[in-house]
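For ligands, and for the atoms within them, numbers begin at 1 and follow the listed sequence. None of these values were measured; they are calculated from a predicted model.
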Amino acid sequence: MSRRVLLVTLVVALVFPVAAGAQAKSPAKKRPNILFIMSDDHASAAIGAYQSWLAKVTRTPNLDRLAKQGIRFTNSLVTNSICTPSRAAILTGQYSHKNGVYTLADTMDPTRVHIAHLLRALGYQTALIGKWHLGTDPAGFDYWNILPGQGVYLNPVLREIGMKKKQNRKFDGRYSTDVVTDLSLEWLKKRDPQKPFLLFCHFKAPHRPWDPAPRFENLYKDVTIPEPETLLDDYKGRSKSTANVKLRIGQDMVQRDLGVPIPKDLDRDALRKWAYQIYMKRYLSCVAAVDENVGRLLAYLDQAGLAEDTIVIYTSDQGFFLGEHGFYDKRIMYEPCLTTPLIIRYPPLTKAGGVHESMVLNIDHAPTFLNLAGGAIPKDMQGRSYKALLSGGEPPGWRASMYYRYWMHLDGSHNVHAQYGVRTPRYTLIHFYGKGLGMKGAKNIDTTPEWELFDRVKDPQQMRNLYGDPAHAGTVRELRAELDRLRKELQDER
Ligand code: CA
């Protein structure tokens, strides 16, 4: 047993003796079941309830219903907008610099204690089914069944707890999102009904390469997808770090991700508009199957009489550009990829149809689950419980700013610069600090540091970089001081 596991085992034993003892006497029902449904790269703009420019074409009746029955957060943010690090942040309640998962090349230390270990110690049954993407085998779960690596959409392969490294089960003729739901339902039906559960149901969709289920292949055949206002952005006035990223919907993206021949004689804008249609039709078709399967999970909770006692959380590991600024993908501290959908239904606490504007972070889920389960929140978790926010209010002293950091400096394929920054309800200040820090997966090429400042009240689309504008010198000073304060508080001063 490693020192860390031993330490946390001791902490759990010391902190939770009352909870562990009380568990045998009090009915398990009083502690909520937790169903955490997470998709991969699902931007909130692609959910009807979020009322974006796509609202008329999204097919998300079940997610929309969940939002009507529960509460929808409009400022749910990630601490590092990239798959593997965000997943580690969610499990550990910690930033990348604390949990050690900085980049796509890092893996989860299997001895590191996270929310599943802690809830299991409180008497929960714990399972993770679907996308894992943290390299090492999952630990802390009573049951897991995962898509190896990124997984595939069609004829998926899954590897179950107890199987050797190269063993797996192939689901011929099946679609990934359906299989992950089937396995989740199987586990729910087999569980011990006397104990509360924590189930992470993680879809691969709608991550690249956006293969729809055969039944949705022609869903958008004769539909024209509305375009975002900034699809034809020319990046004037933004930093070079932003203007030069390889996230543009253009020739490279078509060749790499869409794999269709490009019609002749398209100029930059025409190519972007044409590719956007193909991209979004595929993406939204994948979302349609996610929604359908969320509906199956919700139907099971109803049939099994579990809807009242189960907190259902729907979110994504980060957001995604759906053509805003002419981009796709994620990584930059801009709203489309910094924010995620977050819809929560827990009838004892959430008010039907609620909309919440407080800033909630991906590192807040783990402390919230502990809080709901009656456990103590370990001091080294950096997130905060949002339980008090579920009934609509905001407790005094709730965060008024958040810290973000993306570590992969010029990864080659996307050319995004390492960056950190601070976001308040009004402003976003981003610092592209120009250093490759030698992290795995990052290059050691230093670049010229740059800053961007956006006033999101006057410029919600983030088109005007105000950094360097003398009229905003005072705002810059205040935000830089806040950034320094957060970096110190979070112990990220590299
Ligand atoms: Ca992702």
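Between S86 and Q318, the side chains place no donor N or O within less than 3.5 Å of an acceptor N or O (distance only, hydrogens not considered). Using a 3.5 Å distance cut-off with no hydrogens or angles, the side chains of T60 and D291 do not pair a donor with an acceptor. Looking only at atom types and distance, the side chain of Y433 has a donor-acceptor partner in the side chain of R405 under 3.5 Å away.
With a cut-off of 3.0 Å, the Ca ion (ligand 1) has no N, O or S atom of H207 in range. At a threshold of 3.0 Å, the Ca ion (ligand 1) has a backbone or side-chain N, O or S atom of Q318 nearer than that distance.
Y427 contributes no side-chain N or O that, together with a main-chain N or O of V422, makes up a donor-acceptor pair within less than 3.5 Å.
In this structure, OD1 of D41 and OD1 of D317 enclose an angle of 100° at the Ca ion (ligand 1), rounded to 10°.
Considering just the N/O/S atoms of D40, the one nearest the Ca ion (ligand 1) carries the name OD1.
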